[in-house]
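To keep things clear, I will list the structure first and then write my remarks on it.
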Protein chains: 2
Amino acid sequence: MADVKPIGKALFLREEELRRGIELMFFAYRDFTGEADSILAEQNMGRAHHRAIYFIGCNPGITVSDLLTILCITKQSLSRVLSGLMQDGYVTQKPGATDRRQRLLYLTETGIVLESRLTSLQGRRFAAAYREAGVDAVDGFQRVLRGLLDSDTIDQIDQQDQTSYI
Amino acid sequence: MADVKPIGKALFLREEELRRGIELMFFAYRDFTGEADSILAEQNMGRAHHRAIYFIGCNPGITVSDLLTILCITKQSLSRVLSGLMQDGYVTQKPGATDRRQRLLYLTETGIVLESRLTSLQGRRFAAAYREAGVDAVDGFQRVLRGLLDSDTIDQIDQQDQTSYI
DNA sequence: CTATATTGGTCAACATGGCTGACGTAAAAC
DNA sequence: GTTTTACGTCAGCCATGTTGACCAATATAG
């Protein structure tokens with residue numbers, strides 16, 4: 001730690017490199033979410049609302065339990081958020097066709113507008129970063145990020161790519 | 001949105017690509033912090049404590065206001081966290097040599113132990129991801145993450161790299 | 001030397017968004 | 001007909017962010 005005496009340059013660089021990664025993740029995630037957070041704050045919403053809107057937006061008709069699986073939070077936490085979103089007219093639900101216990105979630109027109117505002121904001125940030133960094137960098141970026149995931153999350157993402165809620 | 005009719009394949013891929021980035025950031029950050037969060041929870045601490053410990057750990061003798069600049073939170077929030085950390089013996093402070101208003105922050109032995117436990121945990125995750133993805137991917141990863149930063153954050157990081165608090 | 005600015009802390013109050021536990025209801029599945 | 005599932009609700013707790021007000025010690029500029 002305070003052991004500046006290099007046990008080996010490779011190892012020292014490695015430690016530095018890992019710390020750089022850790023820090024970059026912290027700062028990048030903060031800045032990446034920051035802009036959206038401001039917009040959300042205007043509408044008295046938070047990041048939790050954003051997540052719900054986002055995943056309902058790209059999985060229209062998703063069930064509550066599938067959304068819970070994606071978000072990995074308790075149903076109580078999600079329920080609070082969803083109630084708010086429905087009360088404010090961003091989200092609607094309709095009973096499942098085959099299983100009528102299910103509440104299939106959809107964005108309203110207002111919800112779609114907000115979702116695309118937020119997503120295009122974050123998308124623009126990504127687009128700029130991708131453009132600066134180049135195609136190869138983007139591939140590396142995604143490979144490393146995937147490497148950071150828990151194995152359950154990887155399964156979930158792959159599975160989600162196949163599933164269509166439409 | 002539901003407009004599957006491709007206006008152009010490049011554009012469609014781009015939208016998909018951006019969404020993939022957004023989602024990967026969310027999942028990766030969650031999983032990346034998850035392990036450390038568990039350990040912290042055992043000691044009745046949260047992510048805020050971790051951040052403080054981390055940045056004190058790699059900037060021993062940092063002042064409160066410099067730490068505030070890094071973390072971008074209010075001094076009230078930080079103060080609460082620091083008080084806890086000092087009470088529990090993870091952090092000590094000593095008055096600045098030149099400016100005696102300053103409280104220079106240091107990790108105690110206990111603090112160092114915890115910090116390295118947490119950092120090596122996150123470091124191992126990064127090391128694995130880096131190893132899997134390869135050197136070029138790591139470079140791309142870092143380039144893209146830097147591209148996601150606000151310009152102020154970039155300045156701050158570059159400046160921080162030069163500053164030595166020792 | 002005095003006035004002001006800086007560094008840092010404190011108290012109070014509030015919101016968000018996690019959590020647990022308990023309990024209820026409707027519908028599906030067996 | 002009983003059990004399981006999908007979903008909701010109420011109550012309360014905790015961590016962590018926020019504002020606003022106010023205070024003390026010290027540095028610095030006039």
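Below, chains carry the letters A, B, ... as their sequence lines are ordered, and counting in each starts from 1.
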Review item, side-chain donor-acceptor pairs of residues 69-84 of chain B, under 3.5 Å, at least two apart:
| from | atom 1 | to | atom 2 | distance (Å) |
| --- | --- | --- | --- | --- |
| B/Thr69 | OG1 | B/Ser65 | O | 2.9 |
| B/Thr74 | OG1 | B/Ser77 | N | 3.3 |
| B/Thr74 | OG1 | B/Ser77 | OG | 3.0 |
| B/Ser83 | OG | B/Ser79 | O | 2.6 |

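- Every residue meeting the side chain to side chain contact (heavy atoms under 4.5 Å, CB included) condition with A/Arg47, not counting sequence neighbours, appears here in chain and number order: A/Tyr29, A/Thr33, A/Asp37, A/Arg51.
- One can place CZ of B/Phe26 at 13 Å from P of C/dG17, the figure rounded to the nearest angstrom.
- D/dA6 atom P lies 14 Å from atom CD1 of A/Ile62, rounded to whole Å.
- Within residues 30-56 of chain B, no residue has a heavy atom under 4.0 Å from DNA chain C.
- One atom, CG of A/Leu68, and another, P of D/dT5, lie 15 Å apart when rounded to the nearest Å.
- Using a 4.0 Å cut-off, some side-chain N or O of A/Ser65 falls inside it from OP1 or OP2 of D/dC7.
- For B/Tyr90, there are no ring-ring contact (aromatic ring centres under 6.0 Å, His included) partners two or more places apart in sequence or in a different chain.
- Residues meeting the side chain to side chain contact (heavy atoms under 4.5 Å, CB included) test with A/Thr92, sequence neighbours left out: A/Tyr106, A/Thr108.
- Here B/Ser83 does not reach the OP1 or OP2 of C/dG9: none of its side-chain N or O atoms lies under 4.0 Å away.
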Exercise for the section: Any chance you could list the contact pattern along nucleotides 18-29 of chain D? Use B for base contacts, S for sugar-phosphate-only contacts and - for none, protein heavy atoms under 4.0 Å, 5' to 3'. Expected result: BBBB---BBS--

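- By the 4.0 Å N-to-carboxylate-O rule, B/Asp150 lies close enough to A/Arg125 to be salt-bridged with it.
- Here D/dC7 presents its P atom at 16 Å from CG of A/Leu85, a figure rounded to the nearest Å.
- Checked against side chain to side chain donor-acceptor pair (under 3.5 Å), B/Asp155 has no partners two or more places apart in sequence or in another chain.
- Counting to the nearest Å, the P atom of D/dG17 and the CG atom of B/Leu71 are 8 Å from each other.
- Straight-line distance from the CG atom of A/Leu104 to the P atom of D/dG8: 11 Å, rounded to whole Å.
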Under 3.5 Å donor-acceptor pairs involving side-chain atoms of residues 129-140 of chain A, not counting sequence neighbours:
| from | atom 1 | to | atom 2 | distance (Å) |
| --- | --- | --- | --- | --- |
| A/Tyr130 | OH | A/Gln142 | NE2 | 3.4 |
| A/Asp139 | OD2 | A/Arg143 | NH1 | 2.8 |

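- When atom types are taken as modelled, the side chain of B/Thr153 and the backbone of B/Leu149 share no donor-acceptor pair closer than 3.5 angstrom.
- Taking atom CE of residue B/Met86 and atom P of nucleotide C/dG8, one finds them 12 Å apart after rounding to whole Å.
- Legend: residues meeting ring-ring contact (aromatic ring centres under 6.0 Å, His included) with B/Phe55, ordered by chain and number and at least two apart, are A/Phe26, A/Phe27.
- Atom CG in A/Leu78 sits roughly 8 Å away from atom P in D/dG8 (whole-Å rounding).
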